[in-house]
**Q** 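Below you will find the structure I want to go over with you.
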Amino acid sequence: MKKRLFHCLSLAIVFSAPTFARETTVPVEGLHQNTPRVHALVGATVVVSPDKTIENATVVIRDGLIESVGANVDAPADARIWNVEGKILYPGFIDAYTHFGMPAGLTPNKPRDPNASGPAPARANPPAQSGPAYWNPLITPERDAAEFFKSNAKDAEKLNDLGFATVATFPGRGIFRGQGALVNLNGKSLNESSVDLKIAQHVGFDLAPNRPDQKSAPYPSSLMGSIALIRQALYDAQWQKDFTKAYEKNPKTLERPVENFALSELQPLINNDQFALFHAADELDYNRIANIAEEFSIDFAILGNGYEYRRANYLEESGATLVLPLAFPNTPVVDRYTQTLDLSLEQLQHWEFAPSNLAFLADKGVTFCITTHALSDPAKEFWSRMRDAVKRGLSESQALAALTTRPATLYGTENRLGTIEAGKIANITIASGNLFTNAKAKVAALWIDGDYIDKKTARTIDIKGEWTFEWKGATGFETAKITGDGAKATVQFGDTKAPATVSEKELLFSVFDSDLGGKSDTDIARLQAYISPTQLTGSGFRSDGTPFSWTATRNDSADTEKEESENGESKKQDSDSIPELAFDRYPAGAFGVARREASDAVLVANATIWTSGPDGVLENADLLVRKGKIDKIGRNLKAPRGALEIDAAGKHVTAGLIDAHSHMAMSRGVNESGSAISVEVRAADIINPVNINIYRQLAGGLTTANLLHGSANPMGGQSQVIKLRWGEDADAFKLQGARPGVKFALGENVKQSNWGDRYTTRYPQTRMGVEQFMESHFSAAADYERDWNDYRSGKTKAPPRKNIRLEAALEILRGERDVHIHSYRQDEILMFARMAQRLDLKVAAFQHILEGYKVADAMVDINAGGSTFSDWWAYKFEVYDAIPYNGAMMHRAGVLTSFNSDNAELATRMNTEAAKAVKYGGLSEEEALNFVTINPAIQLGIDHRVGSIEAGKDADFVIWNEHPLSTYASVEQTWVDGIRRFDSSEHADQLVADQQERDALIQKALAKQNKGPKSKADEDSESEKENTLHAQQSPELPANVNPALAWIYSAAIHHYSCSANEEGHNHNH
Amino acid sequence: MKRTIAIISIAAGLASATYAHDIVPGPKQTAPIALTNATIHTVSGDVLQSAGLIFDEGKITAIGPRADIPADARVIDLEGKHVYPGLISSNSTLGLVEINAVRATRDYAESGSLNINARSAAAIHPDSELIPVTRANGVLISHVLPQAGLGQFGGTSSIIALEGWTIEEMALETDAGIHIRWPRAPSVPGFRSGNTPPYNAEKANEKYYESIRKIENAFADGRAFLKAKENGEEPLDVDLHWEALIPALRREMPVFVNTTSIREIRDAVQWATQEDIDLVLITGTDAWRVADTLAANDIPVIINQVQSLPRRRWESYDTVFKNASLLHEKGVRFAIAFGGSGPTSSNERNLPYEAAKAAAHGLPKAEALKAITLYPAQILGIDDRVGSLEVGKHATLIVTDGDPLDIRTQVLSAFVGGREVDLSSRHTQLRDKYEKKYAQP
């Protein structure tokens, strides 16, 4: 083909439309464009791949692909030559997680402005794709990034500026959020920019948007609901597959399957044809994600959050690839002593450690990509934080891999992207220096799909520095120093500072005639120069119009300047102490502990032992523990060799206390209030093992707790019995072998009496409705069972849909899952007791049961326990008849009775709660203590393991300094499974150590903030100061709520809705 | 058993019901009563073993090992028993709310922010079922405060004895002091990863200062009103807010300021010093951190909860338990109150166990007892009448079978101003009723 060289014309066209070298379907309007796409980039340092660099190499690009690369490669004759001497060429960077091109509705909700007050604004559901959809608007796997994609030149330029040639882009809202796309940032239509579509299904544990304008809470309102919904949707996808298969076999006898795009789009995931990219919002989500992936055998990767170092071992074992943000917290504000108290050690440690996250993970062998995601200002933060990470020990090659080969591999494009090798897509990032170590280095230009992407930074020449001048037709200064940029530049010679303007091509400035050998020191001469890297070529006119010319050459080469800056940076690095790469205590922050193993043998000698068992109270007795179990109780027991001996003379020992009703240590909501039946949700999914109340309750002698769903719903969620194994992860907290449980509720809470004016329509609104509601759902469960039986026996051909809600209801109906029923009034208690009789339900305990004393006989009839408050009453109408004698009266009537906390604070003193059964009702001290030991153990079906001090049981026990029912008693040691989980003297030492660490970190933050005495070196980091920020305000009440009434308000929020203050009180009665 | 049930109005879909209990207030003392052979815990003085205490016309007339018993005295032999002054709860809403979740029964918070003049004495419900429940465990006197939002005035508090036919009979002080809830000082929010907008410390501080200025302005306006009233020639138009503030401005009445964090405490003390008023702090977790300042300025503290989780994640589990002990060591005047959970006083009876918790964590037991008897009496300005067992003081006392700070101890009988108290309550009535259910054949 003949080449036509209409340069001027073609330039104009290039401006409005890119060259059409790749074959597309778009008809050519006007003239055809056939600029050759053969280029040779010559003379640069080429980083071919993370582990291979070639100096002074040539890269040949032909028609969008790399043709060859090497030091001995000659530029082909038809190539346009690009001199890139002094530059570094990297494989085009890939951002593994963005929302590039996504509409606003599909980018994540911005965290709330910490300065804002008033209730959170209503949020809309994310925009949906049309077509037959899933019932829940958060399950939108069919949403395709490509469908919503709209290239945004501004955003592309910002990413180009950072060196990114390719991005993975995902819809950012919902639970199953949809398919991502891998896109080259070449400024072209998706037809030409897409590298691959449907690269992964994106999943996050979102909650349904808060809609204050609506009369009901949407589902899911809690993390456990979100996880349950993910599970149900995946089972539904499986069902669609099975049903379709069945239909294909029996097209004449089966009704056609219902259409559902969402389920169709989940097929690749459940068939392992693609993977899910799960968003982990915190350090606890990794387990949750891995557990789901395991249940459904799906492939997954994790979008992380910056806290990965805390769970590095777990992540390494999981083998998952991570996509990690450079989200380091800025220096905490510590200038006001009183406010500094509100910063936790955990937060301070994170500030200190976060920049080491990547180095730490790399060290552990975790595979990860790095993303700009979660930075508030990537332009400022991305490379400076990347360099911080490198300073902390992340190797350059690991960092580079995380931007190139790792994301290429994650998205299955390692044959096309990630390195500068022959045959790959010609994506190249050109930098003026080493981006990973040199703060002055900039991205100079990019090649994307073999096309040059110009950057202003590449064209702009930095002329700051000393110059030597030569004059013709004038006598001017010999040297001058140019400082500043743009219109704020100055040319300084002698004592004179002449204002100047520097543009991409020119320097303009003016001086007095007298400065150039003229006479006037008021008349002004104007000067202009063209800029090249080594020379200024100047001209000028005196005030009277006489022309002159001049040139200037650099005194100091640009190179030396660069090196100086590198030196400057390394100096700074030395002064910045690098924390040791160790994170061996868990949880992070105060009272974190190193891993502990059970001692082989422990002998607690000479104590008063309250066995809560057949032995009663033993004076001056010994307790021998072996390998985590109670071995013997008796007098004068011999300690085995090497046993730890504890002299407990004058002390009391009881079994570890048990709380049959707790909501502590649960993440992101204790209620799924989006549906009146939510038995599919599981407390087991949301255990929060870092909640500080675990440790505080250990300090009160508690060793076991029953984590219950809240009381928002007649048929709540599945409960989980945990042991307080402080220092372990969530899965280790589960007490295996406990009877499965579920929380049900009756009365005011479930009929929404105190939820506020918005909630007046959900069924049920009366106690009458509560009964019918339960009946209806139990019948549905029975019908469901029949459907399955018919299918399994071959009676029907259509596979029933696995319904995890009805399956949980069925477990209850079959007596495989015990009911814990929140109840107050005798009418509702009787109603449920009769229903339990009729349906043969197993009722572990009536919870709260404050009118249990009125109908204890009915409770005995169904062999149900009573788990009650010792003395709470009158906080709402249905507890006006609550009396503190309730516990003793139920006990005397033959009800297996326990006292519970329902409250994180009360749970720290269950021993004195028990004492109230002595005061009110005159029970013996042993009977009273049983209310918080063996009785709740029996209720929870764990009495074979815990609840009393008997040989063979778990070594869960407490050493008290005096009588355990005394208000003056305090805990000296708490043991769980033969491991000392709390020790008052260790605690005292820990306090000192924590305080020292805290003080040191605060001093460091103070120095960083330049609040302390300033040294010259600190001035460089002055600009960081503006960035100093912290984030989210602790949740406050809306401004319009009278705090005197806050109790009610927070009741509505905490008890009946979705959120739980994880550190605070947690009344849910 | 007689029981009057008054069903109040059912209107606009809101059902409310209150029950008036039939526990009859004891008659005024007509003859001397002599308690003998008891262990008498005077609180202000020694613990007297096998001693007697005589009271007449509502007041203590003699205490000692060998008190002369008047001939007409009713003698109560208390061998093996203990006598203590009635316990004083110094921060409650008793009588101002029956069931917090039922709007019709809430009377503790008036609308508006400048409720200096709202008087709890006008709203305390003497037939509240909460009152007999509370006194049954030895709490015989309560300081009842109207509640307020952050940075707001709640109103004027009352001090009542938990016995009597009417509020007029019950009141020790109908108007005891003014209650202000200090604005919430900004706390540094925890940082999170992600693109959270920066927390603006200046803005948060400005909001806080503005709320403080509102309180300062109220006092400035009140002072101007007082000055005009005292010195002006024309009679002033009445303004109930400023009229109600005058006793506080003249230091005839304390100002109770409810604070939470250390910064609020310091700012409130600074403010009170400038205002030259009698400040009493009601505060919980952080007072010990400013003990020196409080001691130096002689600011008394009502500790509004001991059995409480620490304020901050990193603090020791026993931080709040030790608060009283640390204040005591620094010489700060303090009382211990039952903070409870929100504005509900249904478990005000558990007051002694708050004190016990402090004793379990460093506070001497005798001090713990004082913290719920003599010290609150002193801080509330009623120690001339109650708070200890001394000749001349009210015969407001309890008889127990042991240490009232231990849960297992029973309160056996009680006297308020010499009137014998019926210790039954809604709780004992319901117990007795349903015990019959199981006893019936």
Side-chain angles (χ1 to χ4, degrees), chain A residues 111 113-115 305-306 325 327 329 332-333 338-339 341-347 374 376 589-590 692 696 699 754 853-854 871 873-877 880-881 883-885 893 904-905 912 915-916 918-919 965-968 970 991 994 1029-1034 1042-1045 1047 1063 1065 1067, chain B residues 98-102 108-109 129-130 147-150 154 181 186-201 203-204 261-263 266 307-309 312-314 316-317 341-344 346-347 350 353 356-357 359-361 405-408 410 427 430-431 434-435 437-438:
Chain A
D113 184 340
N115 307 303
N305 48 57
V333 171
T338 53
Q339 285 189 1
L341 294 172
D342 295 332
L343 282 170
S344 70
L345 180 59
E346 178 257 328
Q347 291 168 327
S376 45
I692 193 65
R696 291 167 177 167
N754 306 314
Y853 68 96
K854 296 185 179 177
D871 60 358
W873 75 294
Y875 45 90
K876 56 181 169 175
F877 189 67
Y880 204 35
D881 274 6
I883 64 174
Y885 304 95
E905 188 275 321
T912 50
K916 288 175 183 163
V918 178
K919 182 183 187 79
L965 297 188
S966 163
T967 44
Y968 302 119
S970 53
L991 275 181
D994 285 350
L1029 84 130
H1030 3 253
Q1032 229 137 290
Q1033 184 98 284
S1034 53
N1042 180 345
L1045 308 179
W1047 187 82
E1063 303 228 335
H1065 297 241
H1067 269 295
Chain B
E98 192 71 9
I99 299 172
N100 199 40
V102 180
Y108 51 76
E129 299 279 8
L130 277 57
Q147 300 299 302
L150 292 173
R181 191 175 298 275
S187 64
V188 177
F191 44 71
R192 302 244 168 97
S193 308
N195 49 350
T196 314
Y199 167 72
N200 186 332
K203 211 164 136 189
S261 69
I262 171 173
R263 185 168 169 201
R266 282 154 48 128
Q307 305 194 106
S308 166
L309 296 174
R312 307 169 180 94
R313 188 189 193 276
W314 58 272
S316 179
Y317 69 95
S341 174
T344 169
S346 56
N347 269 341
N350 287 337
Y353 315 134
K357 194 71 168 186
H361 293 268
L405 273 58
D406 191 298
I407 289 173
R408 294 162 293 172
Q410 303 289 353
H427 293 178
L430 281 163
R431 175 198 62 194
Y434 278 90
E435 275 181 348
K437 177 189 170 196
Y438 301 110

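Throughout, protein chains are lettered first and strands after them, A, B, ... in sequence-line order, and every chain is numbered starting at 1. Side chains are part of it too, since the values below use all heavy atoms of this structure and drop only hydrogens, waters and symmetry mates.
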**Q** Give me the atom names and distance for the closest heavy-atom approach of A:K854 to B:Y438.
**A** C-OH, 3.3 Å
**Q** Test of understanding: with side chain to side chain contact (heavy atoms under 4.5 Å, CB included), list the residues that count as partners of A:T912, not counting sequence neighbours.
**A** A:R909, A:T967, B:I407
**Q** Can you check side chain to side chain donor-acceptor pair (under 3.5 Å) on A:Y885 and B:E435, steps first, answer last?
**A** CA-CA 10 Å; A:Y885 304 95; B:E435 275 181 348; over 6 Å; no
**Q** Considering only heavy atoms from C-beta outward, does the side chain of B:V102 approach that of A:K876 to under 4.5 Å?
**A**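 No; the side chains remain at least 4.5 Å from each other.
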**Q** Do the non-hydrogen side-chain atoms of B:H361 and A:S970 ever get within less than 4.5 Å of each other?
**A**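 They are in side-chain contact.
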**Q** To the nearest 0.5 angstrom, please state how far the CD1 atom of B:I99 sits from the CZ atom of A:F877.
**A**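 Here the rounded value is 5.5 Å.
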**Q** Does a donor on one side chain sit under 3.5 Å from an acceptor on the other, for B:E98 and A:Y880?
**A**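 Yes, because at least one side-chain N or O of B:E98 sits under 3.5 Å from a partner of the opposite role on A:Y880.
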**Q** Using modelled atom types and a 3.5 Å cut-off, is there a donor and acceptor pairing between side-chain atoms of B:Q307 and backbone atoms of A:E905?
**A**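 Checking the backbone N and O of A:E905 against the side chain of B:Q307, no donor-acceptor pair under 3.5 Å is found.
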**Q** A:I692 versus B:Y317: any side-chain heavy-atom pair under 4.5 Å?
**A** no
**Q** Which atoms form the tightest heavy-atom contact between B:P186 and A:Q339, and what is the distance?
**A**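 Scanning both residues completely, I find the closest heavy atoms to be O-NE2, 3.1 Å.
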**Q** Mind checking the CG-CH2 spacing from B:L130 to A:W873? Nearest 0.5 Å is all I need.
**A**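 With rounding to 0.5 Å, CG (B:L130) is 4.0 Å from CH2 (A:W873).
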**Q** How close do A:L345 and B:W314 get, counting heavy atoms only, and between which atoms?
**A** N-CB, 4.0 Å
**Q** Quick one: pull up CZ in B:R313 and CG in A:L343 and give me the separation to the nearest 0.5 Å.
**A**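 Separation between the atoms: 13.5 Å.
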**Q** Rounded to the nearest 0.5 Å, how far apart are CG of B:L309 and CZ of A:R696?
**A** 5.5 Å
**Q** With the side chain counted from C-beta on, respond yes when A:S966 and B:D406 share a heavy-atom pair under 4.5 Å apart, and no when they do not.
**A**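 Yes, at least one pair of side-chain atoms sits under 4.5 Å.
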**Q** How far does OG of B:S261 sit from CG of A:D342, to the nearest 0.5 angstrom?
**A** 7.0 Å
**Q** Test of understanding: with side-chain hydrogen bond (donor to acceptor under 3.5 Å, both in side chains), list the residues that count as partners of A:K916, not counting sequence neighbours.
**A** A:D871, A:E913
**Q** When rounded to the nearest 0.5 angstrom, what is the spacing between CZ in B:R312 and CG in A:L341?
**A** 4.5 Å
**Q** Identify which part of A:L991 has an atom lying under 4.5 Å from any heavy atom of chain B, answering side chain, backbone, both or neither.
**A** side chain
